[in-house]
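Numbers restart at 1 for each chain; the letters A, B, ... are given by sequence-line order, proteins then strands. Keep in mind that what you see is a predicted model, and the values were worked out from it rather than measured.
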Amino acid sequence: MSVRVRYAPSPTGLQHIGGVRTALFNYFFAKANGGSFILRIEDTDRERYSDESLQDLYDTLNWLGVQWDEGPGKGEYGPYVQSERFDLYQEYAQKLLDEGKAYYCFCTAERLEQVREEQKKTKSKQQGYDRHCRDLDPAEALKRREAGEPCVIRLKVPMDGKTTFHDEVMGDITRKNSDVSPDPVILKTDGFPTYHLANVIDDHLMGITHIMRAQEWIPSGPLHVILYEAFGWTPPKYCHLPLVMGKDGSKLSKRHGSTSLVDFRKAGYLPEAIINYVSLLGWSFDDSREFFSREDLEELFSMEKINKAPAVFDYRKLEWFNGQYIRQRSKDSLMALLLPILQADGVVSDPMTDDEASILDGAFPLVHERLKFLNDVSEMIRFLFREIDSWNADDALPRKIEMAQMPSILDAGAALLDGFDERSQEENEQAFKDKAEEMGLKLGQIMQPVRVAVTGTKSSPPLFESIGLLGKDKAIARINGLKGQIEATL
RNA sequence: GUCUCCAUCGUCUAGGGGUUAGGACACCGGGUUUUCAUCCCGGCAACAGGGGUUCGAUUCCCCUUGGAGAUGCCA
C-alpha cells in the first residue's frame with residue numbers, strides 16, 4: 001500500500017515554524033517513499049477562522065516550493081476542506097449515537113466552568129468533564145434536543161481498561177482509559193465537529209497511512225484509537241515529531257522571536273535556508289552531512305532518523321545557513337530577489353536607470369560575499385546611489401587621532417583620489433600607504449576617515465572598489481563634505 | 001495536582017557494551033585582508049545523578065532528578 005500522509009493545518013493564524021516543520025516532514029516522507037502528500041484544511045473552528053490565514057498557508061507552501069498531490073480542488077478524496085464535509089460528520093456522529101457510543105450533553109459552558117473550578121479547589125483527582133449527561137436516557141435526550149435545547153455530542157470513553165497505540169518513533173504508548181480525556185465533545189453546539197472527530201473520520205476516509213504530527217498530540221493518541229475502534233476502523237500508523245522549543249525550553253512561540261514564515265520571508269531569509277535548517281530540527285542524516293536541498297530531502301528523508309527529544313530553535317544557525325545559501329545563489333537569481341528590496345527602500349529607481357544598473361552590476365560581487373539577510377542589501381550599498389546628508393564624525397575618527405587632525409587627513413585623502421582612475425587597485429593602495437607613511441600615520445588612520453566620508457559607515461564594501469563604482473568626483477565631494485562638517489565643530 | 005513523553009558539548013546532532021565520544025552553529029584564538037564580512041587553520045566544550053546487568057557501561061534495565069507536553073464546544 002502506498003504511503004499517504006497529510007498536513008492538516010487550521011487556518012486560524014499565520015503559518016509558523018512548528019507547522020512548517022510538520023508539513024515538510026510529511027511532504028519529504030511522502031516523496032521519499034513514492035507516496036502522496038495531502039493538504040487538508042481543518043477549518044472547524046469558526047470563531048478563529050480567517051481568510052488571511054488560509055491565504056498565508058498557500059503563500060507559505062508555495063514559497064517553500066512544497067506542492068501537494070491532493071488538496072482543495074485537487075484529488076479523488078475531496079472535499080479537502082472540512083467545512084465542506086459538514087454533513088459527513090453529522091452522519092458519523094449519528095452512527096455513534098445510534099450505537100450508544102456517544103451521547104447528547106446539555107451542560108452549559110457555565111456548568112462546565114463550575115465543575116472545573118470545583119475540581120481545582122478540591123484538588124480532585126478527576127479532571128475535566130464529570131460525565132454528567134452520560135447516563136441520560138437517550139430518548140429523553142433526543143426529545144430535549146428536538147425541542148431546541150442547545151447540546152453537544154460527547155464520546156463515551158470506556159471507564160476501565162487501557163489503550164495502547166504504537167508510535168513509529170516513540171514505540172508503544174499506553175494510557176489507562178480512566179486517564180483519557182473523559183468523554184470529549186466530538187460535535188459542537190454549532191454542529192461542527194471537533195478536531196478529534198473530524199480528524200479521525202477524514203484520515204480514515206482519505207486513506208491516510210501515516211499520521212505525522214507534533215508530540216503535543218501524543219496525549220490524544222489513545223483517544224483517537226478509541227474513536228477508530230468505535231467506528232470499527234483500523235488506525236493508521238503514528239509518528240509523533242519532537243516539539244520545537246524556544247531558547248527557554250518551552251514550546252516555540254512569538255515571545256521567542258519571529259516564528260511565522262512571513263516574518264522570515266520579510267526579514268530576507270531564503271526558502272532553501274529555512275528548509276535546510278528546519279529539516280534538521282528533530283531529524284538528521286548522518287554524522288557529518290548537513291547541507292540538504294529540498295530535492296535532496298525528497299529523496300533522503302527517512303522516518304528512522306527522526307529523534308525523540310525536543311529541539312531548541314537556534315536563530316543563529318538559521319542565519320548561518322542563510323548566509324551560506326546567499327553565497328550559493330547565482331548572480332541572476334539573487335539579483336531578482338535583491339532588486340525589489342532596493343526599489344522598495346528607495347535605493348534605486350523603479351525601473352532602474354542605466355547608470356544604476358551598471359553600478360549595481362559592479363556592486364554585486366561585493367554584496368554577495370557579505371550579505372546575511374537579503375534585506376541588508378539596501379543599507380550596505382545605499383551610498384553608491386544616494387547622497388550622504390551627514391556623517392558621524394566619531395566613526396570617522398581613527399584611534400589615537402585628534403579631531404583637529406582630521407581636516408588635513410581628509411585633504412590628503414582627497415588629494416590622493418585625484419589620480420585614482422589612472423592607477424590600478426594596487427597602485428592606489430600603494431599610494432595610500434606611501435602617503436600614510438609620509439604623514440606618520442598607519443594606513444588605517446587614513447583609510448578610515450576616507451571610508452566613512454565616502455560610504456557613510458565604518459564597515460563597508462572594499463573602499464577602492466566602492467570609489468570606482470561611485471566615481472572619484474563624488475567621492476572627493478563627500479570627503480570635502482565631511483571635512484566641512486568637522487571644521488564647523490572645531 | 002494528574003497523566004504521558006523525553007534526557008550526549010551553550011544549541012542542533014552522530015554514535016553505541018570496549019571510541020582520543022565525531023560533526024555543525026555559537027564562542028575564543030590565529031592567518032588572509034584597506035574596514036566589515038567571506039575564506040582558511042586551531043581551541044574551548046557533553047554522555048544529569050544513583051543503583052543494577054556485565055569482564056567492561058555513555059550505550060541495556062530500574063529509581064531519582066530535571067525538562068516538556070496534555071489535561072477546552074482550539075487545533
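Salt bridge status for A:Lys433 with A:Glu429: present, with a side-chain N to carboxylate O gap under 4.0 Å.
Between A:Tyr315 and A:Trp320, the distance separating the two ring centers is not shorter than 6.0 angstrom. In this structure, the ring of A:Phe29 has its center less than 6.0 angstrom from the ring center of A:His210. A centroid separation of less than 6.0 Å is found between the aromatic rings of A:Phe86 and A:Phe192. Checked against a 6.0 Å centroid threshold, the rings of A:Phe313 and A:Tyr277 count as neighbours.
Atom NE2 in A:His368 sits about 17 Å away from atom C1' in B:C36, given to the nearest Å. Between the CZ atom of A:Phe313 and the C1' atom of B:A26 there is a distance of 15 Å, rounded to whole Å. Atom P of nucleotide B:G15 and atom CG of A:Asp287 are separated by 8 Å, given to the nearest angstrom. Atom OH in A:Tyr129 sits about 12 Å away from atom C1' in B:C73, given to the nearest Å. We find that CZ of A:Arg175 is positioned 9 Å from P of B:U71, with the value rounded to whole Å. Rounded to whole angstrom, the span from the CD atom of A:Gln425 across to the P atom of B:U34 amounts to 10 Å. Between A:Leu197 atom CG and B:A75 atom C1' there is a gap of 14 Å when expressed in whole angstrom units. The separation between A:Tyr277 atom OH and B:C25 atom C1' is 9 Å, rounded to whole Å.
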Evaluation steps, side-chain contact (heavy atoms from CB on, under 4.5 Å), between A:Arg85 and A:Tyr80:
CA-CA 8 Å; A:Arg85 301 167 70 80; A:Tyr80 294 90; over 6 Å; no

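In the set B:A7, B:A14, B:A75, the nucleotide with an atom closest to the side chain of A:Lys305 is B:A14. Nearest nucleotide to the side chain of A:Arg327, out of B:U13, B:U38, B:C36: B:U38. Among B:G10, B:A24, B:A75, the nucleotide with an atom closest to any side-chain atom of A:Lys247 is B:G10. Closest contact between the side chain of A:Met447 and the listed nucleotides B:U35, B:U4, B:U34 involves B:U34. Listed nucleotides: B:C25, B:U35, B:C6. Nearest to the side chain of A:Arg316: B:C25. Nearest nucleotide to the A:Met170 side chain, out of B:C5, B:G1, B:A75: B:C5. Side-chain proximity of A:Ser460 to the nucleotides B:C74, B:U35, B:A75 is greatest for B:U35. Between B:U13, B:U71, B:G69, one nucleotide has an atom nearer to the side chain of A:Ser284 than all others, and that is B:U13. For A:Ser459, taking side-chain heavy atoms from C-beta onward, the closest of the listed nucleotides B:G69, B:C36, B:C3 is B:C36. The A:Ile173 side chain lies nearest to B:C5 when the options are B:C5, B:A14, B:U11.
In this structure, A:Cys107 reaches the bases: a heavy-atom distance under 4.0 Å links it to at least one base atom across the strands shown. At the heavy-atom level, A:Arg451 lies under 4.0 Å from base atoms of the strands shown. A:Asn307 comes within 4.0 angstrom of sugar-phosphate atoms only, judged by non-hydrogen atoms across all strands, and of no base. A:Thr455 comes within contact range of no nucleotide atom at all, as no heavy-atom separation falls under 4.0 Å. No engagement by A:Thr12 is indicated, since no non-hydrogen atom pair under 4.0 Å with the nucleic acid exists. When heavy atoms are screened at a 4.0 angstrom cut-off, A:Gly444 is found touching no nucleic acid atom at all. The residue A:Val152 sits close to a base: some heavy atom pair falls under 4.0 Å. Heavy atoms of A:Ile446 sit nowhere under 4.0 angstrom from any nucleic acid atom. Counting non-hydrogen atoms under 4.0 angstrom, A:Pro461 reaches a base of the nucleic acid. As judged by a 4.0 angstrom heavy-atom cut-off over every strand, A:Glu426 is placed among residues making no nucleic acid contact. A:Gln448 comes within 4.0 angstrom of no nucleic acid atom, judged by non-hydrogen atoms across all strands. Within 4.0 Å of A:Lys176, counting heavy atoms only, lies no atom of the nucleic acid at all. Across all strands, A:Leu463 comes closer than 4.0 Å to base atoms (heavy-atom distances). Using a 4.0 Å heavy-atom distance criterion, A:Gly282 is classed as a sugar-phosphate-only contact.
In this structure a side-chain-to-backbone donor-acceptor pair under 3.5 Å is missing from A:Trp68 to A:Arg40. A donor-acceptor pair under 3.5 Å links the side-chain atoms of A:Gln445 to the main chain of A:Arg399, judged by distance alone.
For B:G67, neither phosphate oxygen OP1 nor OP2 lies less than 4.0 angstrom from any side-chain nitrogen or oxygen of A:Gln215. Phosphate proximity of B:A75 to A:Lys188: present, with a side-chain N or O under 4.0 Å from OP1 or OP2. The side chain of A:Lys458 places no N or O atom within less than 4.0 Å of a non-bridging phosphate oxygen (OP1 or OP2) of B:C36. Phosphate contact (OP1/OP2 of B:A70, side-chain N/O of A:Ser181, threshold under 4.0 Å): absent.
Across residues 409-423 of chain A, not one residue has a non-hydrogen atom less than 4.0 Å from an atom of RNA chain B. Listed in residue order, the members of residues 153-166 of chain A having a heavy atom less than 4.0 Å from RNA chain B are A:Arg154.
Taking atom C1' in both B:G22 and B:C9, one finds a spacing of 12 Å when rounded to whole Å. Of the C1' atoms belonging to B:U59 and B:U19, the separation is 12 Å, rounded to the nearest Å. Straight-line distance between the P atoms of B:C44 and B:G51: roughly 30 Å, to the nearest whole Å. Straight-line distance between the P atoms of B:G29 and B:U64: roughly 45 Å, to the nearest whole Å.
For the pair A:Arg144 and A:Phe106, the distance from NZ or CZ to the six-membered ring centre is under 6.0 Å and the angle to the ring normal is within 45 degrees. Judged by a 6.0 Å distance limit and a 45° cone about the ring axis, A:Arg21 is positioned over the six-membered ring of A:Phe25.
Residue A:Arg145 qualifies as open at atom CZ: its count of foreign heavy atoms under 6.0 Å is 12 or below.
In this entry B:A37 has no Watson-Crick or G-U wobble partner, no candidate having both defining distances under 3.5 Å. Of all nucleotides present, only B:G52 satisfies the Watson-Crick or G-U wobble test against B:C60, with each distance under 3.5 Å. The pairing partner recorded for B:U2 is B:A70, the criterion being a Watson-Crick or G-U wobble arrangement whose two distances lie under 3.5 angstrom. Figure legend. B:G42 is base-paired to B:C28; pairs are counted as Watson-Crick or G-U wobble with both atom distances under 3.5 Å.
A donor-acceptor contact under 3.5 Å links the side chain of A:Gln127 to the base of B:G1.
When all heavy atoms are compared, the tightest approach of A:Ile208 to A:Pro236 is O-CB, 3.5 Å.
Checked against side-chain contact (heavy atoms from CB on, under 4.5 Å), A:Ser284 has the following partners two or more places apart in sequence or in another chain: A:Lys305.
Here the rule is side chain to side chain contact (heavy atoms under 4.5 Å, CB included) with A:Tyr89, and of A:Leu197, A:Ile153, A:Thr194 only A:Leu197 fits it.
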